[in-house]
Amino acid sequence: MKTDVQIREDVLDELMWEPMLRPSEIGVAVKDGIVTLSGYVNDYSKKLAAEKAVKRVKGVKAVAEDIQVRLPFEMQKDDEQIAGEVVNALKWNTNIPDEKISVKVDNGWVTLEGELEWQYQRDAALNAVRDLVGINGVINLLKLKPVLSASIVKSNIRKALERNADLEADKITIDASDSTVTINGKVHSWSEKSEAERAIWATPGVAKVINHLEING
């Protein structure tokens with residue numbers, strides 16, 4: 001099992017390899033496998049990149065993210081400008097039913113609300129707006145409308161996990177109630193935990209995932 005010192009060194013190395021980031025921008029602290037990120041970046045996408053990089057590191061149990069976005073003057077926009085760009089970004093993506101999504105912008109923070117049928121539509125909406133210049137963050141409140149019974153959902157998820165070469169499906173238990181899926185068990189890394197959740201979200205009829213998978217250090 002890695003020590004906190006080893007995990008911190010690996011996290012710093014991983015951040016060094018992230019081309020969007022500069023080492024001086026991000027502070028890293030580790031306690032009991034939980035990584036806390038702090039600092040200031042000039043773009044929201046950098047904040048997301050830092051968190052994603054940390055989750056790739058083996059031994060990381062959780063991430064507490066306290067990075068703040070400070071936009072330079074030339075990148076600052078008012079809420080009306082941001083709202084217009086968000087609406088256009090959603091409109092021009094063919095994977096997104098933009099007519100089902102409402103947009104609110106408050107002090108640079110974008111909130112997406114509405115009800116969609118598929119997780120890929122929810123992901124596409126988030127991806128379409130999170131890299132827009134001038135935003136401070138995105139709050140994704142988009143919900144999914146269940147379309148299948150819990151028993152069919154559970155069966156489809158089990159098959160999806162078994163097909164995935166990166167997962168030991170027999171060590172993951174699945175509980176489906178209505179459109180909510182809860183998974184328990186043990187995996188070897190954060191990336192495996194994320195991959196299991198990704199496979200579940202790709203299953204039709206899933207509206208909520210409760211991921212209780214533990215990382216076996």
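What you are looking at is a predicted structure, and each value in this text was computed from that prediction instead of being measured.
Using a cutoff of 4.0 Å between basic side-chain nitrogens and carboxylate oxygens, Glu115 and Lys100 are not scored as salt-bridged. Between Lys55 and Glu51, at least one side-chain N (NZ, or NE/NH1/NH2) sits under 4.0 Å from a carboxylate O, which counts as a salt bridge.
The minimum heavy-atom distance linking Ala125 with Ile101 is given by the pair CB-CD1, 4.0 Å. A pairwise comparison of heavy atoms in Asn184 and His212 identifies OD1-CB, 3.1 Å as the closest pair. Of all heavy-atom pairs between Pro97 and Leu116, the closest is CG-CD2, 3.6 Å. Closest approach of Ile82 to Gly134, counting heavy atoms only: CD1-O, 3.5 Å. Taking every heavy atom of both residues into account, Ala128 and Ala89 meet most closely at O-CB, 3.7 Å.
Checked by atom type and distance alone, the side chain of Glu25 never pairs as donor or acceptor with a backbone atom of Leu21 at under 3.5 Å. Without hydrogens or angle criteria, Lys171 side chain to Gly185 main chain gives no donor-acceptor distance under 3.5 Å. Side chain of Asp4 to backbone of Gly33: a donor-acceptor contact under 3.5 angstrom is found.
Taking the side chain as every heavy atom from C-beta outward, Asp66 and Leu37 never approach each other to under 4.5 Å. Proximity of Ile67 to Ile26: side-chain heavy atoms (C-beta onward) are separated by under 4.5 Å at one or more points. Side-chain contact between Val35 and Ile7 is present, with heavy atoms from C-beta onward closer than 4.5 Å. A 4.5 Å side-chain heavy-atom check between Val209 and Glu197 finds at least one atom pair inside the cut-off. Using a 4.5 Å cut-off on side-chain heavy atoms (C-beta onward), Val69 and Tyr40 make no contact. By the 4.5 Å heavy-atom criterion applied to side chains, Val138 and Leu126 are counted as neighbours. Taking the side chain as every heavy atom from C-beta outward, Lys52 and Glu18 never approach each other to under 4.5 Å. Here the side chains of Ser45 and Met20 are in contact, with some heavy-atom distance below 4.5 Å.
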Item to complete: Check the pair His188 / Glu168 against side-chain contact (heavy atoms from CB on, under 4.5 Å), numbers first and verdict last.
Response: CA-CA 10 Å; His188 297 296; Glu168 297 181 56; 2.8 Å; yes
Item to complete: I would like to know whether Ile183 and Thr173 meet side-chain contact (heavy atoms from CB on, under 4.5 Å); could you show each step before the answer?
Response: CA-CA 6 Å; Ile183 51 175; Thr173 61; over 6 Å; no
Item to complete: For salt bridge (charged side-chain N to carboxylate O under 4.0 Å, His left out), just list the numbers for Glu195 and Arg198, CA-CA rounded to whole Å, side-chain angles, deciding distance to a tenth of an Å, and then say yes or no.
Response: CA-CA 5 Å; Glu195 181 61 22; Arg198 186 205 62 77; 2.9 Å; yes
Discussion item. side-chain contact (heavy atoms from CB on, under 4.5 Å), that's the test. Do Lys61 and Asp32 meet it? Break it down for me.
Written reply: CA-CA 8 Å; Lys61 295 181 179 179; Asp32 299 329; 5.8 Å; no
Item to complete: Evaluate the criterion side-chain contact (heavy atoms from CB on, under 4.5 Å) for residue pair Leu144 and Gln119; output intermediate values, then yes/no.
Response: CA-CA 7 Å; Leu144 298 181; Gln119 176 63 21; 3.3 Å; yes
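Rounding to the nearest 0.5 Å gives a distance of 3.5 Å between OG1 of Thr3 and CD of Gln6. Between Arg70 atom CZ and Asn136 atom CG the span is 11.5 Å, to the nearest 0.5 Å. In this structure, the separation between CG on Leu161 and CD1 on Ile200 is 5.5 Å, given to the nearest 0.5 Å. Note that the CH2 atom of Trp201 and the CG atom of Asn211 stand 11.0 Å from one another [nearest 0.5 Å]. Atom CZ of Arg122 and atom CG of Leu112 lie 9.5 Å apart (nearest 0.5 Å). Ile174 CD1 to Asn156 CG: the interatomic distance, rounded to the nearest 0.5 Å, is 10.0 Å.
Evaluated for a side chain to side chain donor-acceptor pair (under 3.5 Å) with Asp10, the options Lys58, Lys2, Arg56 yield exactly one hit, Lys2.
Within the structure, side chain to side chain donor-acceptor pair (under 3.5 Å) pairs that include any residue of residues 77-98 comprise Lys77-Glu85 (at least two apart or interchain).
Alongside Trp109, the hydrophobic cluster contains Ile139, Leu141 (criterion: ILVMFWY side chains under 4.5 Å).
In the hydrophobic clustering of this structure, Tyr44 groups with Val133; members are Ile, Leu, Val, Met, Phe, Trp, Tyr whose side-chain heavy atoms approach within less than 4.5 Å, directly or through other members. Taking hydrophobic clusters as Ile, Leu, Val, Met, Phe, Trp and Tyr residues chained together by side-chain heavy-atom distances below 4.5 Å, Leu12 shares a cluster with Trp190.
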